[in-house]
**Q** 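Take this structure first; my questions come after.
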Amino acid sequence: MDITLLLGAPGSGKGTAAARLEKKCGFVVVSSGDLLRDAVARQTPDGVEAQSYMERGALVPDAIIGHMIGELLRAGDSGTQYLLDGYPRTVKQLEMLEDVLAHCGGTLKAAVLIEVNDELVIERIAGRRVCPRCNAVYHAVTLRPQREGICDHCGTALVQRADDTVATVLQRLEVYRRQTGGVIEACEARKMLHRVDGNGEVDIIVERILQSLA
Ligand code: ADP
């Protein structure tokens, strides 16, 4: 089992890039945000606990998300190439991931950091629309579905995420700088960090990611 991490601020385009990479290169994408939103929607005990953290733009406790990701990877196939979107977001989560990999013989191969400026993040998040059924991501101006308000993949009505307000985004950016900075430093120290310019069209960004991993 090989793991590639996709790091970047909220709204940096990790989810959109991950979906393209899944189609193009056969990665299995695991999105911590999608796992948590699913747990909230199902009101599982973890989901009930996670909900209030997510609504205010704070990180969910390491134990909750670390356990969810650990379970998923432990149950996974040993030959799978995983792309983790949104995990790890703290140094503790990175350590938890390394523990799981040590147990199941997996390797942390690389980390890609998608870099964008804050203005772009706010614009992207304010216009972001998501499919509550299949998690496809759109933008009201720059990445519109074929039929207004309807998911191209499954025909479900698109929604705006509860935490995609400007106030919550500012909070999430602050949390990102304070808590995820350490993960970036740790990946840099392990000489596995690839920095990619996240400005521009999705296809171009995906190309940059692939080139950085080649
Ligand atoms: P974004 O990258 O736009 O912030 P995500 O879908 O990755 O969106 O995350 C949404 C929310 O889910 C976060 O603000 C946080 O509350 C929670 N979350 C996601 N991943 C993690 C994680 N690895 N650790 C803690 N909380 C997380």
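What you are looking at is a predicted structure, and each value in this text was computed from that prediction instead of being measured. Counting from 1, the numbers follow the sequence of the chain as shown. Both counts, for ligands and for their atoms, begin at 1 and track the order of listing.
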**Q** Please collect all side-chain hydrogen bond (donor to acceptor under 3.5 Å, both in side chains) contacts where either partner lies in residues 68-79, sequence neighbours excluded, each pair once.
**A**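 Pairs touching residues 68-79 that pass the test: none.
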**Q** Can a side-chain donor-acceptor contact be found between Asp62 and Thr90 if the only test is distance below 3.5 angstrom?
**A**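 Checked: Thr90/Asp62 side chains pair up, N/O donor to acceptor below 3.5 Å.
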**Q** Do the side chains of Asp164 and Arg172 get close enough for a salt bridge, i.e. N-O under 4.0 angstrom?
**A**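 Looking at Asp164 and Arg172, the cut-off is met.
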**Q** What residues join Val159 in its hydrophobic cluster, counting side-chain heavy atom gaps under 4.5 Å, either direct or through other members?
**A**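 Noted: Val159 shares its cluster with Val130, Val137.
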**Q** Please write out which residues are connected to Val175 in a hydrophobic cluster, directly or through intermediates, given that two of Ile, Leu, Val, Met, Phe, Trp, Tyr count as joined at side-chain heavy-atom separations below 4.5 angstrom.
**A**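 Result for Val175 is Leu59.
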**Q** Enumerate, one pair per line, all nitrogen or oxygen atoms of ligand 1 lying under 3.5 Å from a protein nitrogen or oxygen, stating the separation to 0.1 Å; write 'none' if no such pair exists.
**A**
from: ligand 1; atom 1: 2 (O); to: Lys14; atom 2: NZ; distance (Å): 3.1
from: ligand 1; atom 1: 2 (O); to: Arg89; atom 2: NH2; distance (Å): 3.3
from: ligand 1; atom 1: 3 (O); to: Arg128; atom 2: NH2; distance (Å): 3.0
from: ligand 1; atom 1: 3 (O); to: Arg172; atom 2: NH2; distance (Å): 2.8
from: ligand 1; atom 1: 4 (O); to: Arg89; atom 2: NH2; distance (Å): 3.0
from: ligand 1; atom 1: 4 (O); to: Arg172; atom 2: NE; distance (Å): 3.4
from: ligand 1; atom 1: 4 (O); to: Arg172; atom 2: NH2; distance (Å): 3.2
from: ligand 1; atom 1: 6 (O); to: Arg37; atom 2: NH1; distance (Å): 2.9
from: ligand 1; atom 1: 6 (O); to: Arg37; atom 2: NH2; distance (Å): 3.0
from: ligand 1; atom 1: 6 (O); to: Arg161; atom 2: NH1; distance (Å): 3.4
from: ligand 1; atom 1: 7 (O); to: Arg89; atom 2: NH1; distance (Å): 3.2
from: ligand 1; atom 1: 7 (O); to: Arg89; atom 2: NH2; distance (Å): 3.2
from: ligand 1; atom 1: 8 (O); to: Arg161; atom 2: NH2; distance (Å): 3.1
from: ligand 1; atom 1: 9 (O); to: Arg89; atom 2: NH2; distance (Å): 3.4
from: ligand 1; atom 1: 16 (O); to: Ala58; atom 2: O; distance (Å): 2.6
from: ligand 1; atom 1: 20 (N); to: Ser32; atom 2: OG; distance (Å): 2.7
from: ligand 1; atom 1: 20 (N); to: Arg89; atom 2: NH1; distance (Å): 3.1
from: ligand 1; atom 1: 23 (N); to: Gly86; atom 2: O; distance (Å): 2.9
from: ligand 1; atom 1: 23 (N); to: Gln93; atom 2: OE1; distance (Å): 2.9
from: ligand 1; atom 1: 24 (N); to: Gln93; atom 2: NE2; distance (Å): 2.8
from: ligand 1; atom 1: 26 (N); to: Val60; atom 2: N; distance (Å): 3.0

**Q** Do Pro145 and Cys151 come within less than 4.5 Å of each other through their side chains, counting heavy atoms only?
**A**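 They are not in side-chain contact.
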